[in-house]
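Predicted, not measured: the structure shown is a model, and the values here were computed from it. Each chain gets a letter, A, B and so on, in the order the sequences are listed, and its residues count up from 1. FYI, side chains are in, hydrogens and waters are out, and symmetry mates aren't considered; it's all heavy atoms of this structure.
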Amino acid sequence: MEYNHQSLEKKWQKFWADNGTFMPEKTTDKPKYYVLDMFPYPSGAGLHVGHPLGYIASDIFSRYKRLKGYNVLHPMGYDSFGLPAEQYAIQTGQHPAVTTEVNIKRYREQLDNIGFSYDWSREVRTSEPQYYKWTQWIFMQLFNAWYNNRTDKAESINTLIDHFNNFGTQGVEAVSDEDILTFSADEWKAFTEEDKQRELLKYRLAYLRESTVNWCAALGTVLANDEVINGVSERGGYPVEQKKMMQWSMRITAYADRLLRGLETIDWPEPLVEMQRNWIGKSVGASVKFPVPQIDKEIEVFTTRVDTIFGVSFIVLAPEHEWVDLLTTDAQRAEVDAYREKTAKKSELDRMADAKTVSGVFTGAYAKHPLTGEDVQIWIADYVLAGYGTGAVMAVPSGDQRDYLFAKHFGLPIIRISDTQQIEEAADPNKDGRYINSGFINGLTYDEAVAAVIKRLEEMKLGKAKVNFRMRDAIFGRQRYWGEPVPVYFKNGLPYLIEEDELPLMLPEIDKYLPTETGEPPLGRAGDWKYQGQYEYELSTMPGWAGSSWYWFRYMDPKNTEAFASKEAVDYWKAVDLYIGGSEHATGHLLYSRFWNKVLKDLGYHNEEEPFKKLINQGMIQGRSNFVYRVLDEEGKGTNTFVSLGLKDQYKTIPLHVDVNIVHNDILDTEKFKAFRPDFANAEFVLENGRYVCGTEVEKMSKSKFNVVNPDDIIATYGADTLRLYEMFLGPLEQAKPWNTNGIEGVYKFLRKLWRLFHDASGNFIVSDEEPTKAEYKALHKIIKKVEEDIERFSFNTSVSAFMICVNELSELKCNKRKILQELIITLHPYAPHITEELWSLLGNPAGTISYASYPAFNPAHLVESEFAYPVSVNGKMKMNLPLALDLDAKAVEAIVLENNDVQRFLDGKAVKKIIFVKGKIINIVV
RNA sequence: GCCUAGGUGGUGGAACUGGUAGACACGCAGGACUUAAAAUCCUGUUCCUGUUAAAGGAGUGCGGGUUCGAUUCCCGCCCUAGGUACCA
């Protein structure tokens with residue numbers, strides 16, 4: 001029988017599914033290993049050839065780990081709540097659940113074709129009530145938790161209530177809103193129930209707060225920052241304005257420091273770690289208070305350069321700062337109001353675009369410099385952001401370029417504060433000099449100055465060392481239909497959780513998926529949807545990241561109805577050992593998941609500080625478009641003639657995308673081209689060397705560019721094993737690369753060669769029981785060693801090459817020995833599972849047992865050669881080959897080399913200074 | 001601007017801790033088998049000089065440095081990709 005990938009692959013895929021081959025063992029003393037892929041959103045377009053790249057890599061690793069004796073968990077599921085299905089529902093009225101179901105079916109078929117070793121009995125879908133029940137349950141845990149800075153972890157809200165009952169706010173160190181009240185235990189007890197709830201909300205990890213959002217009135221919804229482009233909505237191009245709304249938020253800022261520290265304990269790619277670090281944005285500095293006698297308050301600013309405090313010549317507030325009204329003098333009021341109105345209209349993007357123009361207004365008010373007591377003007381300007389720090393800065397024009405430009409523009413003083421500072425052209429932030437014009441820190445160095453200033457400010461109670469984070473709390477609500485309902489109802493305007501045994505709170509059916517006429521979210525259309533028939537439910541749903549922030553736990557115990565996963569399952573599987581996915585989730589999913597994981601740990605549900613021990617980013621596979629060149633006539637109109645790439649410069653042409661699937665190695669199939677579109681039916685071609693060569697370009701893979709390659713088509717022609725090997729062969733896993741089918745023949749040839757090696761001319765399996773020769777063992781053990789090393793360091797592309805070399809060598813030796821094949825196919829199995837299963841059973845092994853065979857042991861003895869020749873250089877220049885016996889020590893080798901006539905000739909009588917050995921071999925002789 | 005990764009033949013890429021640069025594959029050229037095609041097999045393929053060959057020279061973005069020896073380490077610069085930005 002010839003290598004028939006089609007029947008062979010179907011057969012084994014069915015066998016694996018029927019026999020549950022990839023379900024982890026229930027009771028075992030094997031060590032566990034958890035390999036996870038980022039689960040996909042099942043879009044309507046199906047999978048293209050780029051999607052499975054990471055899945056193939058994780059599958060290779062899973063199968064390898066299984067062969068290495070691990071109990072492997074390797075599950076797959078769907079992140080099935082999402083915008084496209086909802087958008088489709090709005091247009092067609094089709095329920096998103098229906099579209100989602102159809103798409104999932106398609107995804108599953110495509111995934112099955114590739115022969116993955118997923119345990120499908122553990123599949124999860126975030127949009128199913130049995131799943132989102134637990135997403136809602138986790139929301140409840142967050143609502144019922146506060147962050148205790150004293151224990152540095154989240155605790156049940158009850159511990160806070162107890163504290164209030166006993167001591168009031170005395171001694172509470174919590175992460176909370178800024179406007180918390182201070183009260184005694186008695187005062188707390190005297191609060192009404194509603195006052196208590198209102199106050200507790202300021203501490204909860206899931207809380208309701210008024211926040212500024214991108215509101216798109218035309219779409220009736222809030223948009224995320226990346227859904228707003230140049231001030232209009234990405235979808236539809238409607239205007240977007242800044243609006244204050246009550247929004248659910250997650251107090252992720254409480255975890256800023258732990259999220260940062262945790263990065264040092266996990267094995268993630270450096271760029272990704274760096275992105276999270278920047279996102280969290282820790283900056284170490286000080287907060288300083290500038291008294292404003294006029295209103296009897298102190299303006300607090302944050303600075304990373306407290307040492308420059310004597311260079312302060314004015315204070316700038318964000319236009320939104322809450323005291324602007326209070327501070328503004330009557331003389332300045334009109335100007336201030338006009339400026340504030342102008343900035344309010346600007347979106348954040350406009351503000352960024354305007355970054356280069358200096359603007360601002362004097363409030364008329366003055367603050368006292370805390371150290372000099374001098375008056376400093378208070379200005380407002382939009383280069384100060386309300387959301388960062390305190391929304392106010394101390395301006396040091398000599399040290400900060402923005403302050404410098406502002407001072408120049410408005411004629412404010414610029415104070416030189418260091419003897420090395422050069423401030424004629426621009427601000428100079430250097431820390432090298434000694435301070436001048438700086439009171440008691442004159443003459444000090446940077447480090448001394450920082451300490452001295454902070455000490456003085458602390459004594460005066462006007463400042464202290466402080467750490468600031470760029471990260472904000474995460475908004476946790478969308479005015480959409482297709483998401484998890486928030487398990488909350490409102491009584492007297494305050495949120496309360498529904499009872500736990502009422503979960504899941506089902507997503508109600510509605511007639512249309514648009515916002516209501518009164519501007520409520522779509523859930524407002526579910527008229528009689530009320531808690532206990534009377535209380536209004538929360539109408540916004542959870543954001544896309546909710547369901548994906550804990551899904552790895554659900555795979556551990558997907559059918560559990562009593563808990564998100566049982567204690568035993570969580571204790572056994574612990575955390576994900578290897579996680580593979582794209583870097584686009586760096587500051588979204590991967591950060592939120594770490595956050596929820598830490599909360600659940602703090603609340604005692606598991607013991608892992610970090611959810612994903614090792615992470616690999618697979619590079620994006622881009623499209624590679626092909627072009628034909630249509631010749632234009634005198635008037636610049638397209639003719640029916642197409643010219644080959646090499647000759648196109650002799651004509652006036654226009655490039656047209658052509659379907660990559662009718663192009664082979666960049667040569668156009670002209671017959672298929674004629675059938676490609678009706679108006680090409682009579683196409684004529686100007687060929688070079690009898691062929692039509694197409695142009696190429698790397699672009700995003702998309703239907704409109706005719707460069708989408710469907711894995712199903714590749715599998716139909718070459719088989720899943722070829723696809724898997726080829727995707728790995730394409731280049732390093734982590735690197736972005738364009739898909740190019742050109743080289744796939746080479747991989748396909750390799751598999752056929754392997755097959756033919758163990759089949760005779762008439763296609764019968766034929767294997768010899770003879771003892772393998774030295775050379776055969778060498779070929780085998782080289783590959784055993786190489787593949788093991790490669791897989792451990794995720795260098796899958798070089799393994800594929802090594803397999804080709806191995807089979808070439810065995811072919812040359814005409815080796816069809818049983819002992820060689822048996823071990824070779826185990827090493828190949830993770831990459832090409834189907835063909836190896838087939839050969840495994842042809843060898844007479846029970847079907848399906850290869851997955852649990854043991855990985856062949858590498859024996860270095862097989863790589864040792866007794867006779868070999870290798871090059872030796874003299875003074876680094878290549879000179880000669882020396883034949884040598886190996887089993888000698890360095891001294892003996894040295895002696896032989898020096899007596900060798902060739903060597904003597906090369907040395908030409910010069911004295912030997914040094915002989916360089918590498919791994920027991922002489923590499924170089926220095927004379 | 002800042003941060004991170006990278007720059008090697010016609011192409012994808014290999015060279016793991018400094019040790020024969022270009023493995024392996026594609027493509028291309030030539031050949032064998034065949035009536036022919038497909039499939040398969042063999043040979044060559046970094047560039048330059050050299051009639052073939054023998055041989056020699058150059059060569060891993062550019063310029064320096066360390067070293068017996070540098071794609072690999074160090075310094076300066078150029079370019080590409082990704083991230084990020086009035087963050088005080």
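- The side chain of A:L385 approaches B:rC86 more closely than any other nucleotide in the set B:rC86, B:rU4, B:rA14.
- Each of A:R793 and A:E812 has a nearest nucleotide on RNA chain B; the 5'-most of these lies closest to A:R793.
- Comparing the same atom, C1', in B:rC26 and in B:rG44 gives a spacing of 16 Å after rounding to whole Å.
- Distance A:H585 NE2 to B:rG82 P: 17 Å, rounded to the nearest Å.
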Report each atom pair, protein N/O against N/O of nucleotides 25-31 of chain B, whose distance is under 3.5 angstrom.
unit_1: B:rA25; atom_1: OP1; unit_2: A:N808; atom_2: ND2; d: 3.3
unit_1: B:rC26; atom_1: OP1; unit_2: A:K749; atom_2: NZ; d: 3.1
unit_1: B:rC26; atom_1: O2'; unit_2: A:N742; atom_2: O; d: 3.4
unit_1: B:rG27; atom_1: OP1; unit_2: A:N665; atom_2: ND2; d: 3.0
unit_1: B:rC28; atom_1: OP1; unit_2: A:R691; atom_2: NH1; d: 3.1

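- To the nearest angstrom, P of B:rG83 lies 16 Å from CD of A:E734.
- In this structure, A:R472 reaches the bases: a heavy-atom distance under 4.0 Å links it to at least one base atom across the strands shown.
- Shown here is A:K737, whose NZ atom has more than 12 heavy atoms of other residues, nucleotides or ligands within 6.0 Å.
- Within 4.0 Å of A:R277, counting heavy atoms only, lies no atom of the nucleic acid at all.
- Close to B:rC87, at under 4.0 Å from its OP1 or OP2, lies a side-chain N or O of A:R402.
- With distances taken from any side-chain atom of A:K786 to the nucleotides B:rG13, B:rA88, B:rC16, the minimum falls on B:rC16.
- With respect to the salt-bridge test (charged N to carboxylate O, under 4.0 angstrom), the residues A:E264 and A:R277 do not qualify.
- Here the C1' atom of nucleotide B:rG13 and the CD1 atom of A:I805 are 13 Å apart, to the nearest Å.
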Handout entry: A:F469 vs A:W279, ring-ring contact (aromatic ring centres under 6.0 Å, His included): CA-CA, chis, key distance, verdict
Key = CA-CA 9 Å; A:F469 293 96; A:W279 187 262; over 10 Å; no

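- A cation-pi arrangement is present between A:K431 and A:Y446 under the rule of less than 6.0 angstrom and at most 45 degrees off the ring axis.
- Phosphate contact (OP1/OP2 of B:rA88, side-chain N/O of A:Y388, threshold under 4.0 Å): present.
- Closest to the A:E274 side chain, of the nucleotides B:rC3, B:rA14, B:rA88, is B:rC3.
- Using a 4.0 Å cut-off, some side-chain N or O of A:Q735 falls inside it from OP1 or OP2 of B:rG13.
- Which of B:rG83, B:rC86, B:rC41 sits closest to the side chain of A:R756 comes down to B:rC41.
- One finds a side-chain N or O of A:R752 lying less than 4.0 angstrom from the OP1 or OP2 phosphate oxygen of B:rU40.
- Contact check on A:R793 versus A:E789 returns no salt bridge, with no Lys/Arg side-chain nitrogen under 4.0 Å from an Asp/Glu carboxylate oxygen.
- Rounded to a whole Å, the NZ atom of A:K782 is 15 Å from the P atom of B:rA23.
- Nucleotide B:rG64 carries an anti base; the chi torsion (O4'-C1'-N9-C4 or O4'-C1'-N1-C2) is more than 90° from 0.
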Practice task
Toss me the dot-bracket line for RNA chain B: Watson-Crick and G-U wobble, both under 3.5 Å, 5' to 3', using | for pairs to another strand and [ ] for crossers.
Solution key: (((((((..(((......[....)))((((((.......))))))((((.....))))..(((((..]....))))))))))))....

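- Atoms CD and NZ, from A:E425 and A:K408 in turn, are 8.5 Å apart once rounded to the nearest 0.5 Å.
- Whole-Å rounding puts the A:E809 CD to B:rC24 C1' distance at 12 Å.
- Picking from B:rC24, B:rC86, B:rA5 the nucleotide with the shortest atom distance to the side chain of A:D382 gives B:rC86.
- Salt-bridge check for A:D669 with A:R691: failed, with every basic side-chain N at 4.0 Å or more from each acidic carboxylate O.
- Here A:N797 lies in heavy-atom contact (under 4.0 Å) with sugar-phosphate atoms only.
- Shortest non-hydrogen contact noted between A:I621 and A:G50 is CB-CA, 3.7 Å.
- With the nearest nucleotide of RNA chain B identified for both A:R470 and A:G731, A:G731 has the one nearer the 5' end.
- Nucleic acid contact class of A:P269 (heavy atoms, under 4.0 Å, all strands): none.
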Practice task
Quick one: do A:E320 and A:R340 satisfy salt bridge (Lys or Arg N to Asp or Glu O under 4.0 Å)? Show the steps, please.
Solution key: CA-CA 7 Å; A:E320 300 88 347; A:R340 285 206 292 175; over 6 Å; no

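- A:E789 places its CD atom 12 Å from the P atom of B:rU17, with the value rounded to the nearest Å.
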For residues 311-319 of chain A, run the donor-acceptor check on the side chains, cut-off 3.5 Å, and write out each pair with its distance to 0.1 Å, sequence neighbours left out.
unit_1: A:S313; atom_1: OG; unit_2: A:P413; atom_2: O; d: 2.8

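- Nucleotide B:rG12 holds its P atom 11 Å from the OH atom of A:Y726, rounded to whole Å.
- A salt bridge is defined here as a Lys NZ or Arg NE, NH1 or NH2 lying under 4.0 Å from an Asp or Glu carboxylate O, and A:R624 with A:E699 fails to meet this definition.
- Atom CG of A:D790 and atom C1' of B:rA15 are 12 Å apart (whole Å).
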